[in-house]
Structure formats: C-alpha cells, structure tokens
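Report on the structure given below.
Remember, predicted model here, so these are calculated numbers, not experimental data. Note on naming: letters A, B, ... go to the chains in the order of the sequence lines (proteins, then strands), and numbering restarts at 1 for each one.
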Number of protein chains: 4
Amino acid sequence: MGIRERKEREKGRRRQQIMIAAKRVFSIKGFNKATMEDIANEAELSPGTLYLYFKNKDELCASLSLRILQYLNIKLKYVSSEKDLEPEQKIEALKEAMYDVYEFDPLILINMLHLQSSEVLKNLSSQLVSDIKKLSNNSIKTMADIFEDGIKKNVFIDKKPFALAEILWALFSGIVLCDESKGIIANNKNYLKLTIENAFEIFAKGIKK
Amino acid sequence: MGIRERKEREKGRRRQQIMIAAKRVFSIKGFNKATMEDIANEAELSPGTLYLYFKNKDELCASLSLRILQYLNIKLKYVSSEKDLEPEQKIEALKEAMYDVYEFDPLILINMLHLQSSEVLKNLSSQLVSDIKKLSNNSIKTMADIFEDGIKKNVFIDKKPFALAEILWALFSGIVLCDESKGIIANNKNYLKLTIENAFEIFAKGIKK
Amino acid sequence: MGIRERKEREKGRRRQQIMIAAKRVFSIKGFNKATMEDIANEAELSPGTLYLYFKNKDELCASLSLRILQYLNIKLKYVSSEKDLEPEQKIEALKEAMYDVYEFDPLILINMLHLQSSEVLKNLSSQLVSDIKKLSNNSIKTMADIFEDGIKKNVFIDKKPFALAEILWALFSGIVLCDESKGIIANNKNYLKLTIENAFEIFAKGIKK
Amino acid sequence: MGIRERKEREKGRRRQQIMIAAKRVFSIKGFNKATMEDIANEAELSPGTLYLYFKNKDELCASLSLRILQYLNIKLKYVSSEKDLEPEQKIEALKEAMYDVYEFDPLILINMLHLQSSEVLKNLSSQLVSDIKKLSNNSIKTMADIFEDGIKKNVFIDKKPFALAEILWALFSGIVLCDESKGIIANNKNYLKLTIENAFEIFAKGIKK
DNA sequence: TATGAATGAGCATTCATTCAT
DNA sequence: CATGAATGAATGCTCATTCAT
C-alpha cells in the first residue's frame, strides 16, 4: 500500500468520523438547530477541520444521504443477485434489507427531504448531486429487477415492475417517515418493525397472481 | 353578525393570507432558507405584521400543518360516514380524498417532518401541539374505521384495522415524499397520480379476503 | 416635502453617520483590522444596521472613496468655472482645492488603493464601481480643462492637457501617500502642507511657457 | 565556501522564491484577500514552510518592501556617484532608475502603504522596521544629494534639496499608484511610461534656474 | 528541513424578533 | 392595526499559525 493510498484511506476515515458525529447531532437537534460547532464537538475536532472534509453544512448533510444510499444499494444488489431465491423469498429478503438500512441510519429521510430545496442544491457540488441521483435511480432499478424476475416466473401480477419498485420505495419512505415523526403520529413502540411487517404482508399479497 | 365576530373573521382571513404566502415561499426555498422577510414580501405585508398573527416562525409552520390536517380530517370523516358505499368503494373514495389533499397542499410532509424536531416543538404553544396530535390521531382512526367496516362485512382480511390505516398513511406519505423530491428520485411526470393509482390497486388487492 | 422624500433624506443621513464612523475606525486600525463591530460601536448602531445601508464591508469602504471623489469633483468644477481667474491663479486655486480635499478626508488613498484588487471589485455593486470610475475620470477631465485654458491663452506649454492633469493627480496622490506613511518616510511635521506648496511651485514653473 | 555559508545562501534563495510568489499573489488578489495558502501554492511549498522563512504574513509583506527599497537604493547611489554626469543628465538618469525600479516590482506602493497601519507595525520585528526606515531615508537623502549638486553648480533653483527629493519621491509614488489602480483611474495604455516621461520633463523644467 | 493536517480565535453576515411611530 | 427600521445574538466559515511526523 503506497503512501498516497494510505492517506486516501485516512481521509475516508475522517469523513466517516465526521458523518457519524453529524448524524448523532442531527438526530438530537435537527438539521437547523445543529451548529457546526456542535458537530465538531461531537467529533472531537475543531470547526475548521470539518471544512477540510466538507465544503459546507449542506454538503455534509447531503453526504449522509449518499452514504445511506450506498449502503441500501449494496443490500439491494445482493438480494437481486441471489439466483436461488424464489420471487416471494426475494420480497421477504427485500423487507429484511430495508429494515437493515433503517437500523443503519434512521435519519435517511430527514436528509433526503433536505435535498429537495433548490436553495440547498445550489450549495452542493454537482458531483455530489449526480452521485445521489445515480444511486437513487440504481436502487429503484434494482428493486424493479426483482419484480421483473417474479413477473417472468409468473408469480407476480403483470404490473410494470418499475412502478412496483416505486410503490415499495414510497412505502418504505413513508413508514420510516411516520416512525421518525413518532411524537406526532405513531402510538405504539416498535412501530417501525410492526408496520414494515404488516405492510410487506399486504404488499406481497397484493402483487401475487 | 357583531363587530367582534367580523373582526375575528377578518383575523382569520389575514392568517390565511400569510399561510398561503408562507406555503409558496417554503415550497421554493425550503423551510430553513425561507426568511420571515421573504414571507412578508410574498404576502405584501411587513415582517412585523406576521408576528401579530403568529407567535413565531415555527408556529407559522405548524399552523400550515394544522390547516392541512383539518382539511384531511374533513375529507376522511365524509368518506367514513357514507353509509351507502361498499368497503371497496370506500377505499376508492379514500384514494380520491388523498389525492385531493395532496393537491390542496403538497407541502404537508415537509411541514410534518419539520415538527419532529424536539427543538421545534419547544417553540410551539401547547394548544397547537395538542391540536395537531389530536387531528393526526383522528385521521388515522377514521381510516381505521373504514377498514373495520370492511372487516366486519367480511370483505377485508382480518388485520388489525389500525395497522391497515397506518400502512395506508405511510404509503400516502411516502408517495408524496417521493413526488416532492422528484429532482432526486422520481423519473416520470405525473409520478404522483400514477403511483397513487398503482399503489391503491396493489393495496386494495392485498387487503381483500 | 413628502414622506418619501423625508425618508430618503433620513437614509442619506444614516449612511453619512456610518461612513464617518468607518473613516474614524479605518484611520485608527486600518481597513483590515477594523471590524464591522468596531464601526457599529463607533456609529452607536448595531452591526446588523450597517448592512441595511451597505451591502458589505468592501462596499462601505468603496463608498468612502466615492464620497471624497464627489467632494473633489465639486471643488475642481468650481475652480474650472471661475471665468475671472488667470491660468496661473487657477493653478493656485487647484492647490488650495487639493489641500482642502485632503483635510476633508486624509484617508482618500488608502481607500482608493483598496479598490485595486479584483477580488474587492467582485464584492461591489456595478453601480458603485461605475460611479467611482465616472467621477475619477471627470475629476481628471476637469483639471485638463484648466490646463487647456492656459494653453489656449498661451500661458502654459503645449503639452497634452490631459497628461498634465494626470501628472498633477499623481503628484497629489503621491504627496498624500507619503504623508500617510509618515511613520516610514516623512520627517517633518506639516509635511503635507510644505510639500504641496513646494511641489506646486515647481510644477507651475515647469508648465509655464 | 563553508557549509554554513552555503546554507545561508540556500536560505536566501528560498526567501526569494517565496517573496516572488507572494508578489504574484498580492498583485492578483491584493494583500488582504491573499492567503498564506495561496502564496504557498504559488511557491510550490507547504504553508508551514513559509513560516520557516518569515515570522508571519505581515513580515513577509514588509520584506517585499525592504527588497525593493534595497534595489532602489543601489540604483540611486549609483546615479549620485557618477562624477562625470551633469546635474541635468543625473535627473535623466534618475528617471531611468525609477522606471527600472517600477519594472522590477510594481507592487512597491501597495506594500509600502500596508506598512502604515500601526497595527501592522506591531507585528514586525524591530530590526525590520528600522531597516525599512533607514533605507527609505537613505533613498530620499541620496536624491537630495543629486539636487544639491545641481544647486551648487548653479543649475537648479535654490530650493531645499531635501524638499525637492520628497517631491520627486511623491511624484514617483503617485504615478505608480495611479498606474496600479488603472481599472479605476487611468485610461491609456502605457500610462506609466508616458506619464513618467511627461512628469520628469515638467519637473526638470521646473527646477532649472 | 519540509510537510500539511489540524487548530480555534476571529469575523462578516444573517435573520427572527421587537417596538416606536 | 400596521409598519419597517433597528436590533444583536447566533453561526457559518476563514485563515494565520502551529506541530507531530
């Protein structure tokens, strides 16, 4: 391993360290009330250092989204590529994958939502924006592949698979969203787990031939 | 109509005017990048005037949520109370209602999400917080009533109706969410309409006995 | 006087108040070490208020230059228009005018110099930049008119009058500059007055036929 | 040449390298907007290295001034010592010398001006401050010697020679200054060369008996 | 010597909120 | 009621400087 390589890896580690700290602070204070100083303290770094690794606060936030999308993408790719699984088993695996992703980073949607604002997009490097778009599309596409497989095997109804993927994506987003806003909407504990369970049951039944 | 009443009504109108302006500004700039001055300009009022009608920025935002929840509640109540509709027709009516709500105010979710932050909740009057919670629960409860009716009539599977309501709520939230973040996630136009259509089809099929 | 007019005048007064404070602070601390808070304190205003009247720190500084150029311009116009003065008397009047300007704002050159940097220019509104350019050119042009008059009357040598104006402008700038940097260069008190006196004597002799 | 000497020379080279880079960066961005990192990049060194050769940013800037003053001093001494030149020829030689200096480092005045700020002076080593003062005074003194020679030989008017020197110094400074701020003030290309030419013509005529 | 990552004090700027008119 | 100028605390960000390697 060359020096250059080692440094690159070191840099990646720092970014992770900062993102983890940011995640923690965002989840406690919310994106707006969290200050860069808060994050720096949490990461046990100085405020200036944050700017060595992230162009600005918005970019730090967007990078969190990218990170979770990367994780999601890997999970989905893996499920999709499992040749030995029957379509219905893949749906089950999907459910597990999504639950996994949520556990990895429950903040996913707050961050994703933040990206909507055109004012925020202005602050992001075009590289980052295109990475996020690419990964989002890839994720949905991979899910679509899973459904397509089931349709081919005559197990699932013949809806456009991409549409199915989008519905599942929406369902997932919505469930997470409602879980996030527990204070207002949800009532029972383990809301997420139960609801994902129930939702997939309905969904799986709904798409079966 | 007494003078007092007229004044009250006048006051309500002003609040509406401000909320509409706020909605427009929020949808363009996002909640955080929108300034009270932006909103005042959009409403053709002065910044100071906003504070005659709303305690602070967070409360203005929360009032937007309350407003949409009220609208949603009315729609749902109406669907639920229609004695002549069969369960499946009610589901169809639900779909229409939700589409309606979305058209009325697509920003609902951004606002709802914003309410999550405990830091924001601190700024709200307890009256407002309890109103929002009550309405949210009512909405879900009313949907649950619809499902319960279907279960009693032996048309829907015997899932806990409240769970069904939550799934539908999540589905709706997720769809709207994905539509909002079109720039990042969605690909096709009319994403929302198509996806609601597809989703309800799957959902309806999934809960039928 | 209408309300609008009164407000406009009030606004002008505030700008003056701030500029005067800025001048004082700049002359004590230098442009860079002077903070906006320093200036606000000196003006007995809050930092935020400064930004109601000046886009940013660079623009506040440039406005000081504009102010002195306006003053200079008026002085020069007056000298140039005096029909009864002989060319040599006008040169004498020029000297007085310049001395006057310097007394009005000895900081003129520090500010002018600041304008050189392209990075600074980026921060200025194009209106301001064009105003400054126009006034600078006008000043030199007016001086040229004075020399042209002398050349026509066969009193001054037939150099291009514009070139003469530029030399005088440079002489003035240089004298002020050296006076400013007293700490390093000048030795005697009243350096400025003496040197302007001497310089104009040489200059007047040099351009006489 | 001993090792110590070689090292000393090497050190001098590095200082030159850094000063040249600094000059380039200052002339593009202005002293304040130029960062030490900018200079380090231009010099193809790391920021830390700059501090091995200069105590701080202000001292780096002052060293630039010192460097140009040394160059000027040598030029002036040479002109002054030429026994065979007539006073008028010396004035001509002075003109050439000044043009030379300007070409060597047009930034001289920006740097000199920067030294004015008492806040900056605090940051400089007393050694450096006294060097700069000494050289400045020497330069003016040497010019005065040239004029004194002319006065003795009954060629120049009997003004105090030191005053003449100061006027010339001011003229030079002013011309350079105006050339630097071309964007704002000057109009014609080759402003500097032409104006120095014209100015010396007037000046020479003005001091002749 | 040279590096360049890390620092953290410092500052320009913003903006929710107030209040005299 | 309405205004909008003024506020000033809050904060994102910068950059001269340091120091472990």
Side-chain angles (χ1 to χ4, degrees), chain A residues 3 7 10-11 14 18 32-41 43-60 123, chain B residues 7 10-11 14 18 32-41 43-61 123, chain C residues 3 7 10-11 14 18 32-41 43-60 123, chain D residues 7 10-11 14 18 32-41 43-61 123:
Chain A
I3 281 181
K7 290 221 167 159
E10 185 58 39
K11 187 162 179 175
R14 262 295 150 82
I18 294 169
N32 297 290
K33 312 263 172 180
T35 70
M36 290 301 266
E37 203 185 343
D38 289 336
I39 298 168
N41 286 342
E44 295 184 276
L45 290 169
S46 76
T49 307
L50 268 48
Y51 289 87
L52 294 177
Y53 297 92
F54 298 93
K55 213 179 67 190
N56 53 45
K57 197 184 172 190
D58 281 332
E59 187 131 355
L60 169 52
N123 280 335
Chain B
K7 285 211 171 169
E10 186 56 40
K11 186 162 179 174
R14 264 294 152 83
I18 294 170
N32 299 295
K33 311 260 171 179
T35 70
M36 289 300 266
E37 204 185 340
D38 289 336
I39 297 168
N41 286 341
E44 295 183 275
L45 290 168
S46 78
T49 308
L50 268 48
Y51 287 85
L52 297 176
Y53 296 93
F54 298 93
K55 211 180 70 190
N56 54 45
K57 195 186 174 189
D58 283 332
E59 188 129 354
L60 169 52
C61 176
N123 277 333
Chain C
I3 281 181
K7 289 220 165 157
E10 186 56 40
K11 187 161 179 177
R14 262 295 149 81
I18 294 169
N32 297 291
K33 314 262 172 181
T35 70
M36 290 301 266
E37 202 184 342
D38 288 336
I39 297 168
N41 285 341
E44 294 183 278
L45 290 169
S46 75
T49 307
L50 268 49
Y51 289 87
L52 295 177
Y53 296 92
F54 298 92
K55 213 180 67 190
N56 54 45
K57 197 183 172 190
D58 281 331
E59 186 131 356
L60 169 52
N123 280 334
Chain D
K7 286 212 170 168
E10 185 56 40
K11 186 161 178 174
R14 263 293 152 84
I18 293 169
N32 298 296
K33 311 259 172 181
T35 70
M36 289 300 266
E37 203 185 340
D38 289 335
I39 297 167
N41 286 340
E44 294 183 275
L45 290 169
S46 78
T49 307
L50 268 49
Y51 287 85
L52 296 176
Y53 296 93
F54 297 93
K55 211 180 69 190
N56 54 45
K57 195 185 174 190
D58 282 331
E59 189 130 354
L60 169 52
C61 176
N123 276 333

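- Nearer the 5' end of DNA chain E, as judged by each residue's closest nucleotide, is the contact made by D/L45, out of A/L52 and D/L45.
- Using a 4.0 Å heavy-atom cutoff across all strands shown, C/L50 reaches no nucleic acid atom at all.
- What you find for A/E59 and A/N123 is that their closest heavy atoms are OE1-O, 3.7 Å.
- Within the structure, a side-chain polar atom (N or O) of A/S46 is placed less than 4.0 Å from OP1 or OP2 of E/dT7.
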Completion exercise
Output field dot_bracket for DNA chain F (Watson-Crick or G-U, both distances under 3.5 Å, | for other-strand pairs) contains .||||||||||||||||||||
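- In this structure, of E/dC11, E/dA2, F/dT3, it is E/dC11 that holds the atom nearest to the side chain of C/T35.
- Backbone-only engagement by B/Y53 is indicated by non-hydrogen atom pairs under 4.0 Å involving sugar-phosphate atoms exclusively.
- Of all the heavy atoms in D/A40 and D/P47, the pair that sits closest is CB-N, 3.6 Å.
- Shortest non-hydrogen contact noted between C/N56 and C/Y51 is CA-CE2, 4.0 Å.
- Phosphate proximity of E/dA2 to D/R14: present, with a side-chain N or O under 4.0 Å from OP1 or OP2.
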Would you tabulate the pairs of protein nitrogen or oxygen atoms and nucleotide nitrogen or oxygen atoms of nucleotides 17-19 of chain E closer than 3.5 angstrom?
{"unit_1": "E/dT17", "atom_1": "OP2", "unit_2": "B/Y51", "atom_2": "OH", "d": "2.9"}
{"unit_1": "E/dT17", "atom_1": "OP2", "unit_2": "B/K57", "atom_2": "N", "d": "3.1"}

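- Here the CD-OG1 distance, from C/E44 to C/T49, works out to 12.5 Å after rounding to the nearest 0.5 Å.
- A salt bridge links A/K33 with B/D58: the distance from a Lys NZ or Arg NE/NH1/NH2 to an Asp or Glu carboxylate oxygen falls below 4.0 Å.
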